[in-house]
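Step one of this worksheet: look at the structure below.
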Amino acid sequence: MYTLESCYLSFDAGSQSVKVAVYTETMHCVAKASNQTTMSCPQPGWVDMDADEYLSLTKLGIKQCIEQLQTEGIDPSLIKAIMGDGIICGIVGVDERGKAITPYINYLDSRTQSDVEALNQLDLDIWGKETGNAEPSCMFPALHARWLLANNKAFQERGRKFVHNAPYILMNLAGLDSRDAFIDWGTMSGWGLGYRIYDKEWSDEQLALLKIDKAYLPKIVKPWDIIGALSEEAAQETGCPAGIPICAGAGDTMQSMLGSGIIEANKAVDVAGTCAMFCVSTTGIIPELSKKGSGLIFNSGTLKDTYFYWGFVRTGGLALRWFKDNLCQKAEDDKYYQSLSQKAEKIPPGCNEVMFLPYLTGGYGEWANIKGCFLNMNLDTDQFVLWRAVLEAIAYDYMEITDTYRNAGIDINRITITEGGSRDNLWNQIKADVMQSEAITLEIYGGAVLTNCLIAAYATGTIEDLPTTLVKNIKISNRYSPNCSNSTIYRNRYRQQRDILRKLANS
């Protein structure tokens with residue numbers, strides 16, 4: 001029987017799964033659950049998900065955690081607050097009751113590419129000036145909203161608000177309707193366009209240009225604001241006591257940054273999730289990084305006056321899951337990742353000339369028309385060569401992003417790798433070699449879930465100094481030093497890959 005004063009429940013609603021966990025007031029995990037999401041591709045370049053599946057999986061995860069607490073003799077009434085995070089680039093349209101009436105569209109989707117090109121033809125400076133993002137992108141929710149307004153009959157007839165997946169979960173757990181729809185100030189910047197990033201407000205001028213009625217947008221709140229309490233209906237479904245305060249939530253990337261102890265500028269973090277994201281914290285907009293063609297996204301963080309840029313490989317982690325599930329036929333065996341990497345360690349850097357193009361949901365920018373493929377295979381090529389080729393291909397996109405940061409004068413000499421991809425030693429070493437920088441991993445690799453609990457504790461007054469508490473919870477588990485010889489091999493292979501991509505793009 002545990003003797004505890006309080007616990008906090010949190011969830012992380014990602015692209016591949018919904019993780020739920022309960023932490024004590026000393027931030028010790030006493031229950032956790034994870035359940036996989038599903039995606040559908042109804043047309044080439046489209047990726048649809050279901051907001052109600054996110055809600056159902058969260059409720060299931062809460063129920064599983066409550067059962068674990070009861071098994072351990074922990075009273076669920078000790079849970080003092082609920083906090084969650086979700087995808088920053090993705091929205092769903094809801095009706096008056098706050099129920100989803102459109103697919104949930106996220107950053108993997110490319111259906112708005114023609115709209116992006118049309119907006120880019122306007123060559124406007126306001127995007128970069130107010131948001132730090134100089135160009136529209138098909139991964140931005142602002143573009144998803146335009147598409148739904150123009151093409152989705154259900155939203156045209158009954159739509160009331162656009163919301164992200166974490167707020168959708170939280171408002172439904174609290175029994176709120178569309179009038180109470182909200183978004184925290186960090187996730188707001190995931191819209192990419194339509195807001196003033198320093199003021200934390202929607203931009204009337206940008207919304208007019210985008211032809212998005214401000215009435216469809218949720219109110220902007222702080223991540224630790226209490227937006228309601230767990231409803232009786234949600235309590236009955238989950239076994240969690242009704243009336244528990246619910247926080248407004250945050251963006252997954254922002255929470256991963258905080259979970260890595262990044263509370264000051266000029267720190268680098270690799271969020272190794274479904275969308276591999278390489279982030280660098282700043283004090284605000286850096287013109288060289290916010291210029292057109294940089295390929296970087298600018299966002300505000302969870303904490304006040306914190307900002308960061310990130311470059312991305314849209315199918316980074318998703319390509320790894322695709323390889324394991326589809327090519328290796330090991331969909332039910334997550335440990336197979338380890339088997340692949342252990343044998344791929346014996347393959348020399350460069351993969352015997354085998355190369356992979358990781359654009360499984362289509363490319364972006366100048367590679368927009370390129371799809372995924374393997375090149376230079378022979379009769380000796382096996383799944384372990386191909387696996388290493390997948391890892392190296394994703395790393396080459398990291399190299400390009402790192403070059404962009406360094407060319408802007410940002411010194412990158414250590415990178416914190418977090419989330420699920422940080423558990424792979426081979427993957428971490430490849431990144432250290434490719435980016436020519438020390439890489440470190442943390443004891444708590446899924447930092448977003450723990451960080452949510454810390455913010456829940458802050459929201460309820462248990463924690464007074466949030467930044468200090470965040471840093472205290474950071475412990476390094478492994479370090480990876482770059483191998484100069486490997487770095488040279490990877491730089492040459494990167495140039496070869498880029499040459500192939502240019503030829504494919506111009507063919």
Side-chain angles (χ1 to χ4, degrees), residues 51-52 54-55 86-107 109 111-112 115-116 118-119 122 124 126-127 129-131 133 136-223 225-228 246 248-251 299-300:
D52 283 320
Y54 272 116
L55 178 59
I87 301 168
I88 60 174
C89 289
I91 56 168
V92 63
V94 302
D95 62 13
E96 187 174 357
R97 300 172 302 135
K99 303 302 180 184
I101 55 173
T102 77
Y104 173 75
I105 305 174
N106 69 17
Y107 59 90
D109 191 281
R111 75 186 71 185
T112 63
D115 195 18
V116 168
L119 286 174
L122 300 177
L124 300 174
I126 188 172
W127 314 127
K129 179 181 177 182
E130 291 193 347
T131 72
N133 298 311
S137 166
C138 61
M139 70 189 301
F140 288 165
L143 276 296
H144 303 157
R146 280 169 58 88
W147 190 92
L148 290 169
L149 284 166
N151 298 281
N152 188 278
K153 289 184 179 180
F155 193 84
Q156 290 168 352
E157 295 171 357
R158 297 181 285 121
R160 291 294 181 272
K161 295 287 183 180
F162 294 115
V163 295
H164 288 242
N165 65 336
Y168 183 78
I169 295 166
L170 292 163
M171 64 188 287
N172 276 278
L173 289 177
L176 305 180
D177 61 30
S178 64
R179 293 171 296 180
D180 301 305
F182 59 88
I183 187 171
D184 77 277
W185 59 21
T187 303
M188 173 205 68
S189 67
W191 269 69
L193 307 175
Y195 55 87
R196 298 194 301 275
I197 196 161
Y198 291 139
D199 298 329
K200 305 293 189 289
E201 294 178 352
W202 298 114
S203 166
D204 292 334
E205 186 175 354
Q206 286 187 64
L207 292 177
L209 290 166
L210 292 166
K211 296 183 170 59
I212 299 174
D213 190 331
K214 193 175 180 179
Y216 290 126
L217 303 183
K219 63 183 177 183
I220 300 166
V221 297
K222 300 180 184 66
D225 284 347
I226 302 299
I227 54 88
I246 295 178
N299 288 135
S300 55

Return yes when atom [atom1] of [X] has more than 12 non-hydrogen atoms of other residues, nucleotides or ligands closer than 6.0 Å, and no otherwise.
X	atom1	result
E205	CD	no
K200	NZ	yes
E96	CD	no

Which heavy atom in [X] sits nearest to a heavy atom in [Y], and how many Å separate them?
X	Y	result
E201	M188	N-SD, 4.1 Å
G190	P141	O-CD, 3.0 Å
A250	A166	O-CB, 4.5 Å
N165	G86	OD1-CA, 3.4 Å
H144	C138	NE2-O, 3.2 Å
F155	T102	CB-CG2, 3.9 Å

[X] side chain to [Y] backbone, donor-acceptor under 3.5 Å:
X	Y	value
K211	A208	no
H164	V92	no
D225	K222	yes
S300	S189	no

Donor + acceptor pair across side chains of D184, T187 (<3.5 Å):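 Result is yes, a qualifying pair exists.
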
Are any non-hydrogen side-chain atoms of [X] and [Y] less than 4.5 angstrom apart?
X	Y	value
L149	Y216	yes
R111	I105	yes
I183	V163	no
R146	L210	yes
Y168	N172	yes
P103	N152	yes
K99	V94	no
D180	I227	no

Rounded at 0.5 Å granularity, tell me how far [atom1] in [X] sits from [atom2] in [Y].
X	Y	atom1	atom2	result
I246	L176	CD1	CG	7.5 Å
N299	N133	CG	CG	6.5 Å
I91	K161	CD1	NZ	13.0 Å
Q156	L148	CD	CG	9.5 Å
N106	M139	CG	CE	8.5 Å
D52	I101	CG	CD1	11.5 Å

Residue from L209, L193, L119 passing side chain to side chain contact (heavy atoms under 4.5 Å, CB included) with L124: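 Among L209, L193, L119, the one meeting side chain to side chain contact (heavy atoms under 4.5 Å, CB included) with L124 is L209.
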
Side chain to side chain contact (heavy atoms under 4.5 Å, CB included) between F140 and T112, worked out: CA-CA 9 Å; F140 288 165; T112 63; over 6 Å; no

Ring pair (Phe, Tyr, Trp, His ring centres under 6.0 Å) partner of W202, the single match among F162, W191, W185: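 In the set F162, W191, W185, the residue that makes a ring pair (Phe, Tyr, Trp, His ring centres under 6.0 Å) with W202 is W191.
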
Residues in side-chain hydrogen bond (donor to acceptor under 3.5 Å, both in side chains) contact with Q206, at least two apart in sequence or another chain: E130

